[in-house]
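Proteins come first, then strands; the chains are lettered A, B, ... in the order of their sequence lines, and each starts at number 1.
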Amino acid sequence: MLDNLGNLERTHTCGELREEDAGSEAVLMGWVAKTRDLGNFTFVDLRDRYGVTQVVFAEAFSKEAHEKVKTLRGEYVIAVRGDVVEREGTHNPKLATGDVEVRAKELFILNTAKTTPFQLEVAGKENVVNEDTRLKHRYLDLRRKSLQDNLIVRANVLRKMRDYMDSVGFLELETPILLRSTPEGARDFIVPSRIQPGKFFALPQSPQILKQITMISGFDKYYQIARCFRDEDLRADRQPEFTQLDIEMSFANREMVFRVMEGVMASVFSLTGAEFEVPFPRMTYRDAMRRYGVDKPDVRFGMELQDLTGEFSDTDFAPFASVVESDGEIKCVVAKGCSGYSRKILDGLQDFVKRYGAGGLAWIKLEDGGTKSSLMKPLGENKISSLAEKAGAEKGDAVFIVAGRKSIVAASLGALRKEIAKNEDLIPDGVYKPLWVTEFPMFEYNEDTGNYDPMHHPFTSLMDEDIPLFKRAVEDGETDLLGQIRARAYDIVINGYEIGSGSIRVHQSAIQELIFKAQGLTKERAKERFGFFLDALEYGTPPHGGFAAGIDRVIMILCGTENIRDVLAFPKTASAQDLMMDSPGDVDKSQLDELGLSVTVDPEKNAGD
RNA sequence: GGAGUCGUAGUUCAGUUGGUUAGAACGCCAGCCUGUCACGUUGGAGGUCGCGGGUUCGAGUCCCGUCGGCUCCGCCA
């Protein structure tokens, strides 16, 4: 038989009572986390989102309550009225409320609960339950302290961002969720229109064009905490819908955008109390690729890539000679103290770099007993020693070498660097290393097609000093020059995560037309896709620029998790499903009819089990 | 689209070379217990070995397919 809440009000949360509250009466409400029945004494750990308080039941305090407590089970929702007393026996230092307990005079059972499909807390262990089970019962998973803490961090981050943006004069403007596709390269989620049958909205990949239009409208400083949607495959740090801190400002140069972003990030990271360097160090894209092999370097540790290509300019060793001839690279990383790596580990690392397209992984081990290398036979002891020396390796170290196309060498060694650092525990905890990556290329060489593809949306402006080169490339048809053109685009990278990116936008029609041309967009096609925006540009567009920061990733870093699902209340699985709601789901035929749609795929084909 | 890996009790896992009735811990249920906080203790219930097919006298174990979780490549700022 359940009790009614009636007029009962709680006086304290379950995380609140302290020694100085002893002597008062308290009414607590929450979930039964644990009962310990000792016969004449029964202890109940009562939990809410603020903490856990121990409630004691005994005949001496209330006969009725003591009998009733025997019927409690895990996750029942109860209210307790009782006296707060300092504990007689041992205090519990593990609980914030551990100096006191509540002696129950009255127990109200507000609701029962079925036995949960998994234990919410297993002593001393975190996330031991398979994720599909947890996702299916997300409402229970979210009762766990670690997830509640993460979502509280999330709320704090959002508040910090709003407070800061407001304090520096930015205006929070909302933009529609139902709009037209914006030109950003990812697949759109589309929504059919009932009133315009056969037409579709697209969910925003980002509010890019709309925020630029707010600049044209004169709002001057815009920001929004914007939900963005991209229908692409998921990753540990990527969901189909995610949240950005989106900003845009008029009459702004790069330095002004940098100052705003550094300010808001410093404000957010002040939540940690850890050191957070402002202004951020800067690194050009070119240097990032050269030194770290990636455009989002984790600079919390060293192990930079070393270039050994020059050592092989006149080598007889065919595999390396052909790499040098075809304008490839031979680079390496030095793994400190890893000369003891076994055959098995080396094979594992070889497989690892092959995922990134590397043909193989050569190694040198500077063991105490002598130097060993997979290249000993073809290159000889002298050459191996000089390579190790050139790489800066010392006794006890291992050197890993990849040869091949520049992009493959960078990708594989960049990933290997991080992999070894992880395995060897070289990455310090609780350290936040932000940096700006600047001077991104405007175009990316596409090895399949031989074309230069745009790396950004088409409203990204060029670096002033590259404009003459750009004009030559487009107007005189010297397309090979496109690879050298740099954009006024920049990323924030923290601890190896790309936190966000921004740029100074194009605001002049003449340059804009050249960029369309270079990106292979005809005037007609450009007009068709975003003519409204090109029109707007012609009515007095101020110079402007902005940034978008991925809030989920910021929160991941603050929470110390590598899994974006840990910072979202209701995330989707790697196959983009919600296991709790079982979405995406079917719709009634009548709904389709109303929209003038028919489904041509066999739904059974993709049906579960 | 591709690769790797996992799937056995409610949960986390073990399960030998293919061989009797598939085990453990936690959880759950019932009893005992005056100070527990990973309570203790006695007893009990609980299994479509993800699903489908095949090989075999015999499959949790071997083979093929398939579904699902996770990670990565492609994709995506």
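- Comparing the P positions of B/G52 and B/C67 gives a spacing of 15 Å, expressed to the nearest Å.
- Within the nucleic acid shown, A/R235 comes within 4.0 Å of at least one base atom, counting heavy atoms only.
- Comparing the same atom, C1', in B/C28 and in B/G69 gives a spacing of 26 Å after rounding to whole Å.
- Going from atom CG of A/L579 over to atom C1' of B/C67 covers 13 Å, rounded to whole Å.
- Partner assigned to B/G7 is B/C67, using Watson-Crick or G-U wobble distances below 3.5 angstrom.
- Ranked by how close their nearest RNA chain B nucleotide is to the 5' end, A/R553 and A/S575 are led by A/S575.
- Nucleotides B/G53 and B/A59 have their P atoms positioned 13 Å apart, rounded to a whole Å.
- Across all strands shown, the partner of B/G43 is B/C29, judged by Watson-Crick or G-U wobble contacts whose two distances both fall under 3.5 Å.
- In this structure, A/T115 does not reach the B/C28 phosphate: none of its side-chain N or O atoms is under 4.0 Å from OP1 or OP2.
- Out of B/U36, B/C72, B/A77, the shortest distance to the side chain of A/R87 is found at B/U36.
- With rounding to whole Å, A/L234 atom CG is found 9 Å from B/U71 atom P.
- Of the residues A/K34, A/K94, A/R36, the one that meets the salt bridge (charged side-chain N to carboxylate O under 4.0 Å, His left out) test with A/D45 is A/R36.
- Taking a pair to require two hydrogen-bonding distances under 3.5 Å in either a Watson-Crick or a G-U wobble arrangement, B/A24 pairs with B/U12.
- Distance check on atom C1': B/G60 versus B/G50 gives 12 Å, rounded to whole Å.
- Checked by atom type and distance alone, the side chain of A/D578 never pairs as donor or acceptor with a backbone atom of A/K572 at under 3.5 Å.
- Contact annotation for A/E101: base contact, defined as any heavy-atom pair under 4.0 Å involving a base atom.
- For A/E88, counting side-chain heavy atoms from C-beta on, the closest listed nucleotide (B/A77, B/U12, B/G35) is B/G35.
- Checking B/C57 for Watson-Crick or G-U wobble geometry (two distances, each under 3.5 Å) identifies B/G19 as its partner.
- You'll find the ring centres of A/F459 and A/F533 inside the 6.0 Å limit.
- Taking the ring centroids of A/W31 and A/Y139, they lie at or beyond the 6.0 Å cut-off.
- Atoms CD (A/E59) and P (B/U34) sit 12 Å apart, rounded to a whole Å.
- Put simply, the side chain of A/H456 gets close to the backbone of A/P441: a donor and an acceptor are under 3.5 Å apart.
- Taking atom P on both B/A22 and B/A38, the two are 36 Å apart, rounded to the nearest angstrom.
- Between A/F280 and A/F258, the ring centre distance reaches or exceeds 6.0 Å.
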What are the atom names and distances for every N/O pair under 3.5 Å that joins the protein to nucleotides 39-44 of chain B?
unit_1	atom_1	unit_2	atom_2	d
B/C39	OP1	A/K34	NZ	2.7
B/C39	N4	A/D37	O	2.5

Identify each atom pair where a protein N or O and an N or O of nucleotides 6-10 of chain B are less than 3.5 Å apart, giving names and distance.
unit_1	atom_1	unit_2	atom_2	d
B/G10	O2'	A/P117	O	2.4

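- Side-chain proximity of A/F41 to B/C70, B/G74, B/U34: nearest is B/U34.
- Here B/C76 presents its P atom at 15 Å from CZ of A/F189, a figure rounded to the nearest Å.
- When the salt bridge (charged side-chain N to carboxylate O under 4.0 Å, His left out) test is applied to A/D287, the partners found at least two apart in sequence or on another chain are A/R290.
- At a threshold of 4.0 angstrom between heavy atoms, the contacts of A/R73 are confined to the sugar-phosphate backbone, with no base atom among them.
- Sequence order on RNA chain B of the closest nucleotides to A/K94 and A/G500 puts A/K94 first from the 5' end.
- For the segment residues 344-358 of chain A, the set of residues with a heavy atom within less than 4.0 Å of an atom of RNA chain B comprises A/R355, A/Y356, in numerical order.
- Heavy atoms of A/T42 sit nowhere under 4.0 angstrom from any nucleic acid atom.
- Atom-to-atom, CZ of A/F43 to P of B/A38 comes out at 12 Å; the value is rounded to the nearest Å.
- At whole-Å resolution of the value, CD in A/E498 and P in B/C76 are 13 Å apart.
- Contacts of A/R103 with the nucleic acid, taken as non-hydrogen atoms under 4.0 Å apart, include base atoms.
- With both ends at atom P, the span from B/U12 to B/G7 equals 11 Å, rounded to whole Å.
- Counting only heavy atoms from C-beta outward, the side chains of A/R138 and A/L147 approach each other to under 4.5 Å.
- Residue contacts for A/N40: at a heavy-atom cut-off of 4.0 Å it reaches a base atom on one of the strands shown.
- With both ends at atom C1', the span from B/U11 to B/G19 equals 30 Å, rounded to whole Å.
- As a whole-Å value, the separation of A/R238 CZ from B/C73 P is 9 Å.
- Listed by chain and number, the residues in a ring-ring contact (aromatic ring centres under 6.0 Å, His included) with A/F352 are A/Y356 (sequence neighbours excluded).
- Rounding to whole angstrom units, CD of residue A/E444 and C1' of B/G74 are separated by 13 Å.
- The gap from the P atom of B/U42 to that of B/A24 amounts to 15 Å, rounded to the nearest Å.
- Contact of the A/I420 side chain with the A/Y341 side chain is registered, since non-hydrogen atoms from C-beta on lie closer than 4.5 Å.
- Around CZ of A/R87, the count of heavy atoms belonging to other residues, nucleotides or ligands within 6.0 Å exceeds 12.
- Using a 4.5 Å heavy-atom threshold, the side chains of A/F269 and A/I494 count as touching.
- Contacts of A/Q54 with the nucleic acid, taken as non-hydrogen atoms under 4.0 Å apart, include base atoms.
- Remark: A/D298 engages A/R300, A/K418 in a salt bridge (charged side-chain N to carboxylate O under 4.0 Å, His left out) (not counting sequence neighbours).
- Between the side chain of A/Q224 and the backbone N or O of A/T175, at least one donor-acceptor pair lies under 3.5 Å.
- More than 12 heavy-atom neighbours from other residues, nucleotides or ligands sit within 6.0 angstrom of CD on A/E419.
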